[in-house]
J.: 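This is the structure, below, for whatever I ask next.
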2 protein chains.
Amino acid sequence: MPESRPRIVPEATVARLAVYLRVLAGLADGGRSHVSSGELASAAGVNPAGLRKDLSYLGPCGVRGVGYSVAGLRDRLTDALGGERSRACVLVGIGRLGSALADYSGFASRGFQFVGLLDTDPATVGHQVGGLTVRPVAELEGLVAETQATIGVITTPADVAQSVCDRLVAAGVRSILNFAPVALSVPAGVDVRKVDLSVELQVLAFLDQQRDGVPPVLAPVRATAQGGVR
Amino acid sequence: MPESRPRIVPEATVARLAVYLRVLAGLADGGRSHVSSGELASAAGVNPAGLRKDLSYLGPCGVRGVGYSVAGLRDRLTDALGGERSRACVLVGIGRLGSALADYSGFASRGFQFVGLLDTDPATVGHQVGGLTVRPVAELEGLVAETQATIGVITTPADVAQSVCDRLVAAGVRSILNFAPVALSVPAGVDVRKVDLSVELQVLAFLDQQRDGVPPVLAPVRATAQGGVR
DNA sequence: AACCGCTTGTGAACGCCTGAACAAAGTCGC
DNA sequence: GCGACTTTGTTCAGGCGTTCACAAGCGGTT
């Protein structure tokens with residue numbers, strides 16, 4: 001079967017597919033049976049043509065003249081994004097942010113299950129967070145091996161993030177979500193995604209200043225009834 | 001002074017500038033006086049040439065043959081990203097994530113100060129979080145007017161995020177950081193940045209599956225000593 | 001004072017992603 | 001059963017961002 005299409009899906013598209021999936025889940029709960037690309041794009045905040053292009057990476061998913069089957073497309077997206085099977089995640093660094101993530105219901109409902117919470121602080125170890133007991137970080141390797149966790153989430157201070165990352169990778173974790181404000185270096189074959197909260201705010205501050213600083217040039221553009229999203 | 005600001009800075013560059021700034025702050029604390037673009041790029045996890053191009057948007061910042069002055073570049077970046085002045089932020093939705101953000105020291109240290117925490121839940125209102133008392137969301141308009149807050153952070157459930165957003169915009173907030181899993185629609189002149197935590201995990205899950213599912217095609221790329229970050 | 005090495009700044013090519021226009025295809029109404 | 005309308009899937013051009021490569025400029029040295 002030479003037609004095993006190893007079609008390459010751009011990472012930006014993958015991120016949007018996840019958004020579409022969430023919108024579709026909501027529509028399915030609402031009892032809708034079909035959606036058009038226009039409506040779905042509007043709900044997801046993207047361009048309709050772009051949405052169709054994104055979906056085309058998965059092959060034909062819709063019916064021309066009708067739209068997309070809500071349940072059908074949801075299942076196809078679920079499958080494309082890693083299936084229904086729940087994925088075991090390890091969370092290192094149970095500070096305020098870590099605790100919030102451990103409790104976050106949005107993870108569990110999408111198949112991501114925390115199987116271990118780790119911290120170095122003896123005052124934190126032993127506490128119950130989100131139904132799990134915080135364990136000392138020394139148990140990291142054993143925990144990963146035992147639970148076959150494939151995803152590691154790092155919410156430690158910046159200065160220990162790299163060493164935690166190294167231990168996770170050595171233990172077999174190949175996907176890492178990093179909240180610590182450092183660039184992690186990992187061997188090839190390991191994926192890292194970084195979320196930097198203060199950078200987000202700083203970008204907003206920059207845009208804010210840019211708006212205030214260049215009004216003689218940009219201000220003439222009045223808020224017309226253009227209702228543009230984004 | 002006709003030399004205002006004709007140069008337009010790409011948003012991706014702005015986000016990286018914020019990262020450089022953090023690295024520089026660390027180097028300054030360490031007592032370093034100069035850095036090269038290569039070292040800075042390595043610490044930030046980007047390409048050296050790209051870093052130089054990013055900095056070139058601010059005009060010449062370095063000295064050829066020597067590098068960049070740590071303190072000088074830090075001050076210039078601080079200025080470009082909105083100055084030293086602290087910015088007032090309002091946080092709506094004091095759940096677990098909201099509480100974690102209200103306490104997050106990374107915000108305060110970068111000049112972002114929460115001046116109001118709002119929630120609808122009577123059980124939450126009145127609680128003390130991060131040195132502030134949670135107030136009922138009915139006080140939103142008054143609070144924004146009184147504190148001149150320019151940044152709003154939304155950590156509410158998805159179904160009320162749009163209405164909270166509308167009220168923030170109507171009250172004068174022009175920059176919004178959205179953690180709720182919905183696409184907010186705002187009038188022109190308002191900037192929104194979205195952080196979607198479960199999308200991040202789902203992208204990792206996809207990459208994970210792709211690795212396992214298509215090794216016959218992609219595996220030949222062996223882990224060379226390329227030490228590539230990212 | 002002149003040379004040499006090092007580092008910045010910039011110009012150009014490459015690739016990726018986005019946004020719009022067009023053809024294929026299927027359904028609904030008559 | 002046929003025609004017209006609707007909506008998808010695809011193709012094309014445009015813009016943006018990234019990367020490579022080279023010239024310009026500065027400091028240190030002889």
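Naming convention: chains lettered A, B, ... in sequence-line order (proteins, then strands); numbering from 1 in each chain. Any value given below was found using the heavy atoms of this structure, including those in side chains, with hydrogens, waters and symmetry copies removed.
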J.: Please give, in whole Å, the distance from C/dC6 C1' to B/Leu40 CG?
T.: 17 Å
J.: Could you state the atom-to-atom distance from CG of A/Leu51 to C1' of C/dA20 in whole Å?
T.: 15 Å
J.: For the pair made of CG in A/Asp54 and C1' in C/dC17, what is the distance, rounded to whole Å?
T.: 10 Å
J.: Sequence neighbours left out, what pairs pass side-chain hydrogen bond (donor to acceptor under 3.5 Å, both in side chains) with at least one residue falling in residues 19-43 of chain A?
T.: A/Tyr20-A/Asp54, A/Arg22-B/Asp196, A/Arg22-B/Ser198, A/Arg32-A/Glu39, A/Ser37-A/Arg52
J.: How would you list, by chain and number, every residue that makes a ring pair (Phe, Tyr, Trp, His ring centres under 6.0 Å) with B/Tyr104, sequence neighbours excluded?
T.: B/Phe107
J.: Let me know the distance between CG of A/Leu73 and C1' of D/dT7, rounded to the nearest Å.
T.: 14 Å
J.: Strictly below 4.0 Å, N to O, side chains only: are B/Glu11 and B/Arg193 in salt-bridge contact?
T.: yes
J.: When the distance from OH of A/Tyr57 to P of D/dG9 is rounded to whole Å, what number comes out?
T.: 14 Å
J.: Round to a whole Å and report the spacing from OH of A/Tyr68 to P of C/dG26.
T.: 14 Å
J.: If only atom types and distance count, is the side chain of B/Glu200 paired as donor or acceptor with the main-chain N or O of A/Val195 below 3.5 Å?
T.: no
J.: Would you mind reading off the distance between A/Glu11 atom CD and C/dT18 atom C1', rounded to a whole angstrom?
T.: 17 Å
J.: Can you tell me how far apart CG (B/Asn178) and OG1 (B/Thr155) are? Round to the nearest 0.5 Å.
T.: 9.5 Å
J.: Taking 4.0 Å as the cut-off, does a side-chain nitrogen or oxygen of A/Ser56 come that near to OP1 or OP2 on D/dG9?
T.: no
J.: With distance as the sole criterion, is a donor-acceptor pair present between the side chains of A/Arg74 and A/Ser69 under 3.5 Å?
T.: no
J.: Protein within reach of the bases, or only the backbone? For nucleotides 20-30 of chain D, mark each nucleotide 5' to 3' as B, S or -, using heavy atoms under 4.0 Å.
T.: BB--BBBS---
J.: To the nearest angstrom, how far is B/His34 atom NE2 from C/dC6 atom P?
T.: 18 Å
